[in-house]
Number of protein chains: 4
Amino acid sequence: MSKPRERILNTTMILFHQQGYNNTGINQIIEDSAVSKASFYQHFKSKDDLCIEFLDKRYAYWISELENFISGAQTVEERFLKSFDFLIFMNEKENFRGCSFLNILSEIPSEKVEIHKVIRSHKKALRDAFNKDLKDDMLSDHIYLLFESCIVTSQLYRSNELIKKTKSIVQGLLLSSC
Amino acid sequence: MSKPRERILNTTMILFHQQGYNNTGINQIIEDSAVSKASFYQHFKSKDDLCIEFLDKRYAYWISELENFISGAQTVEERFLKSFDFLIFMNEKENFRGCSFLNILSEIPSEKVEIHKVIRSHKKALRDAFNKDLKDDMLSDHIYLLFESCIVTSQLYRSNELIKKTKSIVQGLLLSSC
Amino acid sequence: MSKPRERILNTTMILFHQQGYNNTGINQIIEDSAVSKASFYQHFKSKDDLCIEFLDKRYAYWISELENFISGAQTVEERFLKSFDFLIFMNEKENFRGCSFLNILSEIPSEKVEIHKVIRSHKKALRDAFNKDLKDDMLSDHIYLLFESCIVTSQLYRSNELIKKTKSIVQGLLLSSC
Amino acid sequence: MSKPRERILNTTMILFHQQGYNNTGINQIIEDSAVSKASFYQHFKSKDDLCIEFLDKRYAYWISELENFISGAQTVEERFLKSFDFLIFMNEKENFRGCSFLNILSEIPSEKVEIHKVIRSHKKALRDAFNKDLKDDMLSDHIYLLFESCIVTSQLYRSNELIKKTKSIVQGLLLSSC
DNA sequence: GATGAATGAGGGTTCATTCAT
DNA sequence: GATGAATGAACCCTCATTCAT
């Protein structure tokens with residue numbers, strides 16, 4: 001069996017994403033991790049602290065999965081389109097739970113400045129990644145916005161329909177930009 | 001002073017939107033409403049029940065405010081652009097709290113089917129409203145997606161920057177569609 | 001059986017005095033009072049809140065017991081001497097637990113301003129009571145100081161020896177003041 | 001840097017006196033001492049054990065400071081009066097935290113016999129010191145009682161007022177005893 | 001001689017809900 | 001129609017201590 005800290009993080013990766021932050025109690029985390037309560041607090045200052053580690057780890061995981069998923073793409077256009085396929089892939093894998101960053105953003109009061117900062121910085125990194133791939137600033141933000149929208153609306157309707165539709169839209173945008 | 005039921009709803013309209021569902025306790029609601037606990041449960045079966053009433057009332061309020069805000073528009077194009085101005089207006093009025101429907105969607109476990117259904121139906125109504133104004137189905141969904149994205153990202157960054165950018169994008173889309 | 005609030009207070013009167021504030025947990029209080037935890041917090045905002053009620057109630061109790069004990073005294077001198085007998089009486093009754101106000105003063109960090117204020121005000125009332133009985137300000141404070149000292153040292157040595165000695169001293173002071 | 005054991009004791013000297021026994025956790029002690037937890041328990045059997053060492057060290061420190069402070073005195077009377085000045089000096093230096101022995105006495109349940117014994121023995125030593133300086137047993141206890149009272153009441157009111165008053169009283173007592 | 005990891009028990013507090021009146 | 005009292009379950013967190021290395 002792995003070390004407690006690792007077990008806690010593994011459990012948290014699942015629970016925070018699937019159930020949300022407020023719906024996941026420390027008690028469930030330690031039970032699922034087979035760790036004592038005091039042991040948990042030896043490794044994490046507070047639940048908020050764990051949340052930040054979660055957000056960091058989630059971002060690393062999500063980005064690497066995305067990179068991996070689109071790595072076969074030959075052109076920039078293909079990269080973008082595959083990114084949307086990735087959303088479909090993740091929705092099916094994770095049961096349409098949407099974006100952990102936006103979910104937690106909705107849950108956490110704005111007084112928790114640290115967490116908000118982390119969420120923003122990760123989301124900004126994603127937006128920047130879109131920008132890097134395209135010279136046209138306007139176009140990249142345009143696609144980024146559609147991307148975020150796809151995440152949110154597919155969670156909302158528990159369906160990939162709008163993602164597929166968006167793929168056509170994006171294809172059109174990229175064509176007309178050449 | 002108005003009737004208890006009304007007072008509860010008025011309080012709830014503020015608290016659920018500003019603090020979220022899980023961060024708002026029944027105790028705060030009844031205290032702010034100057035209503036007894038037993039009285040609360042006489043009017044609402046449960047907190048979930050209140051949540052549904054909240055969602056309905058919030059939708060009615062939000063749509064009517066939107067309609068009112070864009071009522072002066074002469075053309076369809078103007079209506080759309082004014083809709084985005086409305087988002088800016090609301091962000092400033094409500095301190096970038098985003099969309100109550102999406103916020104609660106993030107907070108509530110998917111087992112609470114009833115609430116999810118209500119959220120979906122209201123959001124679908126909004127999407128349909130976009131569709132009604134435009135013959136082009138693809139275009140209206142395109143704009144709808146940008147609209148949702150603007151709500152989410154402006155909440156995230158606590159800034160109207162992307163909304164303004166999106167207005168330009170939408171303007172372009174509407175022009176080229178004629 | 002009496003009402004929960006009363007039961008809680010009765011339990012608290014015993015436990016805070018006998019065990020001290022920090023050594024008495026909410027759990028023990030509610031168990032001994034046969035009251036649920038949530039019920040406790042319906043009646044008392046916090047443990048600190050309960051502490052303040054305890055201090056008030058303790059003062060009222062202690063003063064009335066004192067008044068009652070010395071009520072038979074014919075002269076001022078007799079009143080004073082009987083006050084010291086009262087300390088002996090209470091030590092035997094309460095197993096040399098000393099003064100709840102001073103005990104809690106020792107336990108509570110000075111940041112808890114409210115509690116410190118209450119302690120001071122009750123102790124000041126006692127000092128003032130000594131002053132009222134004697135024109136000579138210096139003498140009354142002198143006796144007051146010996147009184148406090150008797151409480152503290154009898155708790156310390158778990159013995160009434162010094163109280164008895166002090167009675168002689170006070171007798172001498174009062175004689176020479178005439 | 002000094003040895004772990006010494007560092008722990010130095011930290012404890014400050015924390016137990018300033019915050020009290022129950023309000024000072026082992027964690028704070030080892031952190032402030034830059035010592036590992038296991039290392040702590042190698043040097044001290046338990047927190048109670050540390051407490052006893054603290055009491056011993058505190059007594060040695062306090063007495064030596066007192067001796068030093070009053071060492072310039074030419075007469076017995078002066079020695080006594082300077083002792084009260086010492087209380088004022090210490091109150092200002094240590095922010096009116098009173099007597100560690102009495103504070104801990106208030107905090108510790110009487111079942112902890114060992115600690116109570118140590119407290120008593122140190123306090124008895126102080127009382128004996130007063131006795132040594134004066135042939136008159138009654139008078140020395142009288143002054144000793146006023147001394148204890150001054151410690152307690154100055155902590156209570158966070159003021160040296162009563163100490164100054166007591167100095168006059170003691171001066172009177174010593175005069176009339178010659 | 002020194003350490004970081006791990007713990008059982010308990011700390012105080014809040015939750016949404018029910019019930020007797 | 002309205003209420004205050006009462007609750008079981010859960011909340012996040014800290015305590016002094018032990019153990020394997």
Side-chain angles (χ1 to χ4, degrees), chain A residues 1 3-8 21-31 33-51, chain B residues 3-5 8 21-31 34-51, chain C residues 1 3-8 21-31 33-51, chain D residues 3-5 8 21-31 34-51:
Chain A
M1 188 142 65
K3 295 201 154 178
R5 189 172 210 284
E6 229 176 306
R7 294 208 302 278
I8 293 170
Y21 181 75
N22 284 320
N23 293 315
T24 305
I26 295 288
N27 285 326
Q28 190 185 3
I29 291 176
I30 64 170
E31 193 171 332
S33 308
V35 157
S36 78
K37 199 169 276 192
S39 208
F40 172 88
Y41 280 97
Q42 188 124 15
H43 294 294
F44 302 95
K45 254 192 13 256
S46 65
K47 196 189 176 188
D48 283 7
D49 202 51
L50 176 63
C51 184
Chain B
K3 294 206 158 170
R5 189 169 208 286
I8 293 170
Y21 179 76
N22 283 318
N23 294 314
T24 304
I26 295 286
N27 284 325
Q28 192 185 0
I29 290 175
I30 64 167
E31 191 172 335
V35 157
S36 82
K37 195 162 278 194
S39 201
F40 171 87
Y41 278 96
Q42 205 151 328
H43 290 296
F44 302 94
K45 235 178 53 240
S46 66
K47 197 188 176 188
D48 284 5
D49 202 51
L50 175 63
C51 184
Chain C
M1 187 142 66
K3 294 202 155 180
R5 189 171 209 285
E6 228 175 306
R7 295 208 302 277
I8 293 170
Y21 181 74
N22 284 318
N23 294 315
T24 305
I26 295 287
N27 285 325
Q28 190 184 3
I29 292 175
I30 63 169
E31 193 170 334
S33 309
V35 156
S36 78
K37 200 168 276 194
S39 207
F40 171 89
Y41 279 97
Q42 187 122 16
H43 294 294
F44 302 94
K45 252 193 12 256
S46 64
K47 195 188 176 190
D48 283 6
D49 201 52
L50 175 63
C51 184
Chain D
K3 294 206 156 170
R5 189 171 210 285
I8 293 170
Y21 180 75
N22 283 318
N23 293 316
T24 304
I26 294 286
N27 285 326
Q28 191 184 2
I29 291 175
I30 63 167
E31 190 171 336
V35 157
S36 81
K37 196 163 276 194
S39 200
F40 171 88
Y41 278 96
Q42 206 151 325
H43 290 296
F44 301 95
K45 237 178 52 237
S46 66
K47 197 188 176 189
D48 284 6
D49 202 52
L50 175 63
C51 185

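Reminder, nothing fancy here: chain letters follow the sequence lines and each chain counts from 1. When reading the values below, keep in mind they use all heavy atoms of this one structure, side chains included, and skip hydrogens, waters and symmetry mates.
- Enclosure of atom CD in E31(D) is not indicated, since only 12 or fewer non-hydrogen atoms of other residues, nucleotides or ligands lie within 6.0 angstrom.
- Residue E31(B) contributes atom CD, which lies 14 Å from atom P of dA16(E) at whole-angstrom precision.
- Taking every heavy atom of both residues into account, K47(B) and I26(B) meet most closely at CG-CD1, 3.8 Å.
- To the nearest angstrom, P of dG4(F) lies 9 Å from CD1 of I30(B).
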**Prompt:** Tell me, for nucleotides 14-21 of chain F in 5' to 3' order, what letter each nucleotide earns: B for a base near a protein heavy atom under 4.0 Å, S for only sugar-phosphate near one, - for neither?
**Reply:** BBSBBB--
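- Scored by the salt bridge (charged side-chain N to carboxylate O under 4.0 Å, His left out) test, K45(C) finds D49(C) as partners (sequence neighbours excluded).
- Paired runs in DNA chain E that reach 3 or more consecutive Watson-Crick or G-U pairs, where each pair keeps both distances under 3.5 Å, cover E:2-21 with F:2-21.
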**Request:** Please report the C-alpha distance between N22(D) and Y21(C) in whole Å, then the side-chain angles of each, then the deciding distance to 0.1 Å, and finally whether the side chain to side chain contact (heavy atoms under 4.5 Å, CB included) criterion is met.
**Result:** CA-CA 10 Å; N22(D) 283 318; Y21(C) 181 74; over 6 Å; no
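- Look at CD on Q28(B): it is 10 Å from P on dA16(E), rounded to the nearest Å.
- Of all the heavy atoms in A34(A) and R7(A), the pair that sits closest is O-NH2, 2.9 Å.
- Rounded to a whole Å, the CD atom of E6(A) is 13 Å from the P atom of dA5(E).
- At whole-Å resolution of the value, CD1 in I29(C) and C1' in dG10(E) are 14 Å apart.
- Rounding to whole angstrom units, CZ of residue F44(C) and P of dT13(E) are separated by 13 Å.
- Where Q42(B) and S39(C) each meet DNA chain F at their nearest nucleotide, the meeting point lying more 5' is that of Q42(B).
- Considering only side-chain N and O atoms, H43(B) lies nowhere under 4.0 angstrom from the phosphate OP1 or OP2 of dG1(F).
- Rounded to an integer number of Å, the gap from NZ of K3(D) to C1' of dG1(E) is 10 Å.
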